[in-house]
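Numbers here are sequence positions counted from 1.
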Amino acid sequence: SSAGRRSSTRRRALAPEEALASLAARGNAEAVTVTLSLVEDEARRAILSYQALKVAAKHGQANVCQALTTDRAEGGAAWAAEVAAVLLVAAQYGHADTVSVLA
């Protein structure tokens, strides 16, 4: 059918995780925080925030890490543990500026 052929040629839309990862990897802190603010489910937003933080740390995007850790500063012990894990990722990749933001 022609409808099937048409749909297969369309660009695939990015899932929220992929879109956030791409924005975080490129250092677009404002777009990351705005996108996260649109996620209504708080638990889902926390998961996406952590994933974006991990990608930003891996890519040395200290500005994104700063924005995300400031945004969730009151996250409690669980968030502190996630930030500590992400700090290790940044250190593994040799991103000193990102490590200092997360420390």
Side-chain angles (χ1 to χ4, degrees):
S1 81
S2 64
R5 281 193 304 270
R6 242 192 339 259
S7 66
S8 66
T9 60
R10 285 191 202 138
R11 279 187 68 189
R12 183 178 64 84
L14 291 178
E17 295 87 350
E18 294 171 311
L20 276 169
S22 177
L23 293 168
R26 287 184 283 154
N28 196 334
E30 183 179 0
V32 169
T33 56
V34 167
T35 302
L36 285 169
S37 74
L38 299 174
V39 178
E40 292 180 7
D41 181 308
E42 193 173 320
R44 176 104 170 107
R45 186 171 53 249
I47 291 166
L48 291 172
S49 179
Y50 174 66
Q51 290 172 347
L53 182 64
K54 213 165 41 171
V55 169
K58 179 178 178 180
H59 290 277
Q61 299 296 352
N63 62 326
V64 175
C65 292
Q66 179 72 55
L68 291 172
T69 54
T70 300
D71 189 47
R72 298 240 352 247
E74 303 302 317
W79 178 243
E82 289 176 348
V83 170
V86 168
L87 187 148
L88 293 175
V89 170
Q92 268 185 315
Y93 286 90
H95 300 302
D97 290 348
T98 304
V99 169
S100 66
V101 163
L102 293 167

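Linking Ile, Leu, Val, Met, Phe, Trp and Tyr whenever their side-chain heavy atoms come within less than 4.5 Å leaves Val101 and Val99 in two separate clusters. Following chains of ILVMFWY side-chain contacts shorter than 4.5 Å, one cannot reach Tyr50 starting from Val89, and the two form parts of different hydrophobic clusters.
With a 4.5 Å cut-off on side-chain heavy atoms, Val55 and Val64 do not count as touching. Side-chain contact check for Thr35 versus Leu48: every heavy-atom pair is 4.5 Å or farther apart.
Between Leu53 and Leu102, the closest heavy-atom pair is CD1-CD2, 4.0 Å. When all heavy atoms are compared, the tightest approach of Ala52 to Ala24 is O-CB, 3.5 Å. Here the closest non-hydrogen pair linking His59 and Ala25 is CD2-CB, 3.6 Å. Counting all heavy atoms, side chain and backbone alike, Lys58 lies closest to His95 at O-NE2, 2.9 Å. Among all heavy-atom pairs drawn from Arg44 and Val39, the shortest one is CG-CG1, 3.8 Å. In this structure, Ala90 and Thr98 approach most closely via the heavy-atom pair CB-CG2, 3.8 Å.
At least one donor-acceptor pair under 3.5 Å links the side chain of Ser100 to the backbone N or O of Asp97. Between the side chain of Ser49 and the backbone N or O of Ala46, no donor-acceptor pair lies under 3.5 Å.
Taking CD1 of Ile47 as the reference point, atom CD of Glu82 lies at 9.0 Å (rounded to 0.5 Å). With rounding to the nearest 0.5 Å, the separation of CD in Gln66 from OG1 in Thr69 is 5.0 Å.
Environment of CD in Glu30: sparse, with no more than 12 heavy atoms of neighbouring residues, nucleotides or ligands closer than 6.0 Å.
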